[in-house]
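Everything below concerns the one structure shown next.
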Amino acid sequence: MRAISWNVNSLRTRLERVLGVLERHQPDILCLQETKVTNDQFPHAALAEVGYKAVVHGQKTYNGVALLSKVGLEDVQIGFPNDPVEAEARVISAKLGGLRFINLYVINGKEVGCDKYVRKMGWLDALNQWIGELRAQGEEMVVLGDFNIAPDDRDVYDPEGWRGKIHFSEEEHQRLAAMQAHGLEDLYRLHHQEAGLFSWWDYRGGAFPRDHGLRIDLALGSPEAVSRCSGSEIDREERKKGTWEAKPSDHAPVIVDFQE
DNA sequence: ATGGTTGGTCGCCAA
């Protein structure tokens, strides 16, 4: 079973590239973030043509998450209980192959200390409470998506420059640690230990050619997910301009494989 | 500290 997480930065702009990713990697489940499309404008027909059915949680202009699958999804849940920013479409989850896939688009936070950063912390606290409740009920899961947090020095191109900044601050790391304390492990790090393996590069300042990236797109797994996880890769090629007419997203897809 | 680029939408906000 193959899962992919990808922040597409507008599904309508990126549809051709999404179809390319589906064809190249043949995932059982594709978890999209920043679809930036309302549910009534979601491109269901184009995805159905290649065999994928989508469950969606969108809004106009901002945010938006979706799950695509060609093998069916069970127990779909939109959002989570007691979300302090319920109007923002940031979470959708469903069960597949004995695991609940919880697809996240975490609040960016903009800058440490600003009101958006404070909202990010409160939102992560509420999310962690829900994840803790599910885990206490024995739910096995993969929590994946755009976390907007780089876990450690290996995940940042300039750790000293980034330390204490947005995506790499102590308070964000506390929230990530709190999530992991519910028994979740970084599935990518089960298979790769080296530094400099990134999932996001800023559009600005030639960040991709300079390889000034961060690994902020994560997949965390509970014990059953960990024991079944057979590999994980970042499709860095997808971040290149390549021969595609459409431009790349600023995020690369994160692929995670599981034994059945 | 600022700037740089992209997307949604049409003067900016968000990332």
Side-chain angles (χ1 to χ4, degrees), chain A residues 5-21 31-43 46 56-66 83-91 103-124 144-150 155-158 160-169 171-172 175-176 198-218 234-254:
Chain A
S5 171
W6 190 20
N7 180 324
V8 284
N9 187 17
S10 172
L11 177 55
R12 284 172 295 177
T13 295
R14 219 71 64 200
L15 183 58
E16 288 305 311
R17 281 184 173 259
V18 169
L19 295 173
V21 163
C31 306
L32 297 174
Q33 304 93 36
E34 280 206 273
T35 54
K36 296 185 177 179
V37 64
T38 53
N39 292 351
D40 60 299
Q41 289 201 50
F42 194 93
V56 301
H57 181 30
Q59 67 180 94
K60 189 177 148 96
T61 311
Y62 304 116
N63 311 314
V65 285
D83 182 344
V85 291
E86 203 180 0
E88 299 183 8
R90 295 183 175 277
V91 179
N103 179 23
L104 303 182
Y105 176 48
V106 175
I107 294 171
N108 178 294
K110 190 178 170 77
E111 192 181 333
V112 171
C114 75
D115 52 355
K116 287 176 183 173
Y117 182 80
V118 173
R119 279 206 310 134
K120 182 178 191 175
M121 297 308 117
W123 188 82
L124 286 167
L144 73 175
D146 179 358
F147 279 61
N148 272 313
I149 304 173
D155 303 311
V156 177
Y157 76 89
D158 173 18
E160 295 320 314
W162 274 91
R163 203 175 309 286
K165 302 287 199 312
I166 193 66
H167 311 310
F168 202 56
S169 70
E171 285 182 89
E172 290 167 292
R175 270 58 181 196
L176 187 57
F198 306 132
S199 68
W200 172 83
W201 298 259
D202 202 313
Y203 282 129
R204 297 166 290 189
F208 185 68
R210 293 164 193 252
D211 203 20
H212 286 183
L214 304 177
R215 190 173 69 93
I216 54 176
D217 299 273
L218 311 177
I234 297 171
D235 181 8
R236 194 190 158 86
E237 290 295 306
E238 176 54 45
R239 180 60 178 79
K240 295 180 179 172
K241 289 182 182 172
T243 57
W244 293 80
E245 200 168 316
K247 293 171 179 175
S249 168
D250 46 352
H251 295 253
V254 178

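Computed from a prediction, not measured in an experiment: that's the story for all the values here. Quick note on labels: first sequence line is chain A, next is B, and so on, each numbered from 1. Note that these values count all heavy atoms, side chains included, but never hydrogens, waters or copies made by symmetry.
- Between A:H212 and A:Y157, the ring planes are parallel. Angles under 30° get that label, and only those over 60° would be called perpendicular.
- Taking the nucleotide of DNA chain B with the nearest heavy atom to each of A:Y62 and A:D202, the more 5' of the two is matched to A:D202.
- Between the C1' atom of B:dG4 and the CH2 atom of A:W200 lies a distance of 11 Å, rounded to the nearest Å.
- Ion pair A:D211/A:R236 flagged as a salt bridge, since at least one NZ, NE, NH1 or NH2 atom sits closer than 4.0 Å to an Asp/Glu carboxylate oxygen.
- Between A:R175 and A:E172 there is no salt bridge, since no side-chain N of the basic residue sits under 4.0 Å from a carboxylate O of the acidic one.
- One P atom belongs to B:dT6, the other to B:dT2, and the distance between them is 23 Å to the nearest Å.
- The number of heavy-atom neighbours closer than 6.0 Å to CD of A:Q41, taken from other residues, nucleotides and ligands shown, is above 12.
- Residue contacts shown for A:Y105 are limited to sugar-phosphate atoms, with no base heavy atom under 4.0 Å away.
- Between A:R14 and B:dT6, a side-chain N or O to OP1/OP2 separation shorter than 4.0 Å is absent.
- Among the nucleotides B:dT6, B:dG4, B:dC13, the one closest to the side chain of A:R204 is B:dG4.
- Separation of the C1' atoms belonging to B:dC12 and B:dA1 is 22 Å when rounded to the nearest angstrom.
- Between A:R90 atom CZ and B:dA14 atom C1' there is a gap of 10 Å when expressed in whole angstrom units.
- Between the C1' atom of B:dA15 and the CH2 atom of A:W201 lies a distance of 16 Å, rounded to the nearest Å.
- An OP1 or OP2 oxygen of B:dA14 is reached within less than 4.0 angstrom by no side-chain nitrogen or oxygen of A:K110.
- Remark on DNA chain B: of its neighbouring residues A:Y203 and A:K36, the 5'-side contact belongs to A:Y203, judged by nearest-heavy-atom nucleotide.
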